[in-house]
Enquirer: 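Before we start, here is the structure in question, set down as structure tokens.
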Amino acid sequence: YNTGRSEIHHVSVPVISVGNLTLGGTGKTPLVKWLARKLQALGASIAIVSRGYGAAAGQQNDEALELAQALPNVPHIQNRDRAAGAQQAIDQFKPDLLILDDGFQHRRLARDLDIVLLDALEPFGFDHVFPRGMLREPLAGLDRARVVCLSRADAVPASTRESIRRRVADIAPSAIWCELAHVATALTNAADLTAQLETVHGKRIAAFCAIGNPAGFRHTLSTLGCEIVAWREFPDHHLFTPLELASFSDAARRCNAELILCTQKDLVKSPQERFGDIPLWAVTIEMQFLAGQQLFEEQLTRVARANLRERQ
């Protein structure tokens with residue numbers, strides 16, 4: 001793509017890509033939710049395009065189901081061919097802008113703004129491309145990014161964040177630097193009921209997740225003042241079997257857990273209010289800026305308003 005030997009497809013509306021440099025979860029979904037709401041507040045209509053990794057045939061994957069709950073008025077097209085998906089979204093929904101979810105390495109579709117998330121717990125993928133390390137591409141690819149966001153920045157000290165920032169600046173000196181925290185804001189369950197976070201304070205908790213970075217979820221739980229007495233990790237996008245859920249329910253009872261917690265991404269795949277007699281709640285996560293918000297919003301506003309003026 002850099003040399004022009006492979007064609008880059010352009011569409012008629014701006015494309016804002018949110019992606020990773022490494023394998024695993026960096027917290028893209030909270031950022032996609034924030035972006036969609038911010039762009040709507042600027043007066044833009046939005047559609048989301050993604051590959052749909054891990055989805056069963058003809059169905060949406062867990063991330064799309066989670067986004068549908070959070071953004072019920074934002075259409076979402078899943079297509080392995082992201083260029084075809086983008087055109088489908090434009091033809092069907094006539095959006096002002098597209099958000100390309102997990103699109104940094106999908107060079108075939110042109111984008112107007114590339115946002116890359118680095119996880120503060122392992123930002124550079126052990127400095128090697130998979131399988132030797134966890135990088136999806138060499139670190140030099142970061143120079144394509146216009147915005148670099150350090151997710152879960154609150155999980156590491158300020159000195160570590162500064163060290164990561166300096167290394168990013170060497171690779172992508174013109175990129176806007178942001179630091180993000182993924183903050184628990186409430187609990188929700190399969191009946192769409194909500195509860196305050198204080199519900200778990202001092203309680204014995206059993207927790208499970210099937211996400212790209214389970215350590216990030218465990219870090220979030222550590223801020224809630226609860227005692228984790230049972231914990232189980234599954235592979236990212238894993239579809240829980242009844243036997244697996246029953247086994248975890250038994251483990252929670254043996255540990256005298258008072259509540260079971262999971263992520264919103266997990267709840268859409270196990271939509272039940274209780275495991276036996278133990279209530280099941282998902283932790284609602286929202287994104288919070290620790291640094292760089294003003295510059296990021298200015299860049300986002302320029303992309304959105306330039307297109308809105310052209311379409312008026």
Side-chain angles (χ1 to χ4, degrees), residues 24-25 27-30 32-33 52-74 76 152 181-287:
K28 290 187 301 296
T29 300
V32 168
K33 289 190 287 187
Y53 182 81
Q59 298 182 12
Q60 291 183 310
N61 71 356
D62 43 15
E63 289 163 348
L65 293 171
E66 179 185 349
L67 286 169
Q69 288 184 344
L71 304 167
N73 59 343
V74 176
H76 188 161
R152 302 186 181 95
H182 294 96
V183 180
T185 57
L187 305 175
T188 186
N189 71 2
D192 289 329
L193 299 176
T194 60
Q196 295 182 339
L197 294 175
E198 288 75 12
T199 303
V200 307
H201 189 77
K203 298 288 180 61
R204 295 173 61 84
I205 298 297
F208 69 96
C209 63
I211 58 176
N213 189 341
F217 181 52
R218 184 142 190 167
H219 169 72
T220 298
L221 296 183
S222 72
T223 67
L224 302 183
C226 57
E227 179 187 1
I228 301 175
V229 297
W231 170 262
R232 190 162 299 175
E233 299 173 10
F234 297 89
D236 195 16
H237 301 289
H238 180 72
L239 297 176
F240 308 114
T241 67
L243 183 60
E244 288 169 338
L245 295 177
S247 173
F248 184 70
S249 178
D250 290 341
R253 280 196 296 273
R254 289 195 301 270
C255 294
N256 297 315
E258 298 170 86
L259 298 170
I260 296 176
L261 298 182
C262 65
T263 71
Q264 290 178 290
K265 181 177 170 180
D266 300 310
L267 186 64
V268 298
K269 296 180 294 184
S270 52
Q272 55 197 75
E273 295 179 57
R274 311 180 76 84
F275 278 17
D277 58 351
I278 308 176
L280 171 65
W281 292 93
V283 182
T284 301
I285 304 294
E286 299 291 344
M287 197 193 69

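Only heavy atoms go into these numbers, but all of them, side chains included; no hydrogens, no water, no symmetry mates. Note that the numbering runs from 1 along the sequence shown for the chain.
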Enquirer: Any heavy-atom pair between the side chains of L280 and C262 that's under 4.5 Å?
Expert: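 In short, these two side chains touch, coming nearer than 4.5 Å.
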
Enquirer: Would you call T188 and L193 a side-chain contact if the rule is heavy atoms closer than 4.5 Å?
Expert: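 Contact flag for T188/L193 side chains = no.
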
Enquirer: Verify the distance criterion only: is there a donor paired with an acceptor across the side chains of R152 and T220 at less than 3.5 Å?
Expert: no

Enquirer: Between A210 and P235, which heavy-atom pair has the shortest distance, and what is it?
Expert: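 The pair with the smallest heavy-atom distance is CB-O, 3.3 Å.
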
Enquirer: Can you tell me how far CG of L65 sits from NE2 of H76, rounded to the nearest 0.5 angstrom?
Expert: 9.5 Å

Enquirer: Can you list every pair that meets salt bridge (charged side-chain N to carboxylate O under 4.0 Å, His left out) and has a residue in residues 239-263, with sequence neighbours left out?
Expert: D250-R253

Enquirer: Look at the aromatic rings of F234 and F208 and report parallel, tilted or perpendicular, splitting at 30° and 60°.
Expert: perpendicular

Enquirer: Just by modelled atom types, is the E273 backbone N or O under 3.5 Å from a matching donor or acceptor in the N189 side chain?
Expert: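 No; judged by distance alone, with no hydrogens or angles, the pair does not exist.
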
Enquirer: Quick check for you: to the nearest 0.5 Å, what is the distance between T284 atom OG1 and L267 atom CG?
Expert: 9.0 Å

Enquirer: Any non-hydrogen side-chain atom of E233 less than 4.5 Å from a side-chain atom of R218?
Expert: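 Sidechains of R218 and E233: no contact.
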
Enquirer: Answer yes or no: is there a side-chain heavy-atom contact under 4.5 Å between E286 and V183?
Expert: no

Enquirer: Which pair of non-hydrogen atoms, one from C209 and one from T263, has the smallest distance, and what is that distance?
Expert: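 C209 and T263 have their closest heavy atoms at CB-CG2, 4.2 Å.
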
Enquirer: With a 4.5 Å heavy-atom cut-off, do S270 and L245 have their side chains touching?
Expert: yes

Enquirer: Is the F248 to F240 ring centre distance short of 6.0 Å?
Expert: no

Enquirer: For the CG atom of D266 and the CD atom of E66, what is their distance to the nearest 0.5 Å?
Expert: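 If I round to the nearest 0.5 Å, the distance is 9.0 Å.
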
Enquirer: Looking only at heavy atoms, which two atoms of F217 and A207 are closest? And how far apart?
Expert: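 Closest heavy-atom pair between F217 and A207: CE2-CB, 4.4 Å.
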
Enquirer: Atom NZ in K203, atom CD in E227: separation rounded to 0.5 Å?
Expert: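 Taking NZ in K203 and CD in E227, the distance rounds to 13.0 Å.
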
Enquirer: Tell me whether K269 contacts the main-chain N or O of H238 through its side chain, where contact means a donor paired with an acceptor under 3.5 Å.
Expert: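 Yes, because the side chain of K269 sits within donor-acceptor range (under 3.5 Å) of the backbone of H238.
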
Enquirer: With a 4.5 Å cut-off on side-chain heavy atoms, are D236 and K265 touching?
Expert: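 Sidechains of D236 and K265: in contact.
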
Enquirer: Please give me the minimum heavy-atom distance between T194 and W281, naming the atom from each residue.
Expert: C-CZ3, 4.1 Å

Enquirer: Kindly write out the residues that satisfy side chain to side chain contact (heavy atoms under 4.5 Å, CB included) with A246, not counting sequence neighbours, or none if the list is empty.
Expert: none

Enquirer: Is a side-chain donor or acceptor of R204 paired with a backbone partner of C255 at a separation under 3.5 angstrom?
Expert: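 Yes: the side chain of R204 pairs with the backbone of C255.
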
Enquirer: Assess the residue pair L261 and V200 against the criterion (side chain to side chain contact (heavy atoms under 4.5 Å, CB included)); give the C-alpha distance rounded to whole Å, side-chain angles, the decisive distance to 0.1 Å, and a yes or no.
Expert: CA-CA 9 Å; L261 298 182; V200 307; 4.1 Å; yes

Enquirer: Is the closest side-chain heavy-atom distance between L224 and H201 below 4.5 Å?
Expert: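 When only atoms from C-beta onward are counted, H201 and L224 do not touch, as no gap falls below 4.5 Å.
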
Enquirer: Flag the pair I205 / I260 as yes when at least one side-chain heavy-atom distance between them is below 4.5 Å, and no otherwise.
Expert: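 I205 vs I260: side chains apart.
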
Enquirer: Output the distance between atom CG (L197) and atom CG (L187), rounded to the nearest 0.5 Å.
Expert: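 Rounded to the nearest 0.5 Å, the CG-CG separation comes to 5.5 Å.
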
Enquirer: State whether the side chain of Q272 and the backbone N or O of R274 hold a donor-acceptor pair below 3.5 Å, judged by distance alone.
Expert: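 Yes; judged by distance alone, with no hydrogens or angles, the pair exists.
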
Enquirer: How far does CD1 of I228 sit from OG of S222, to the nearest 0.5 angstrom?
Expert: 7.0 Å

Enquirer: Can you see which heavy atom on A206 is nearest to which on A252, and at what distance?
Expert: CB-CB, 3.7 Å

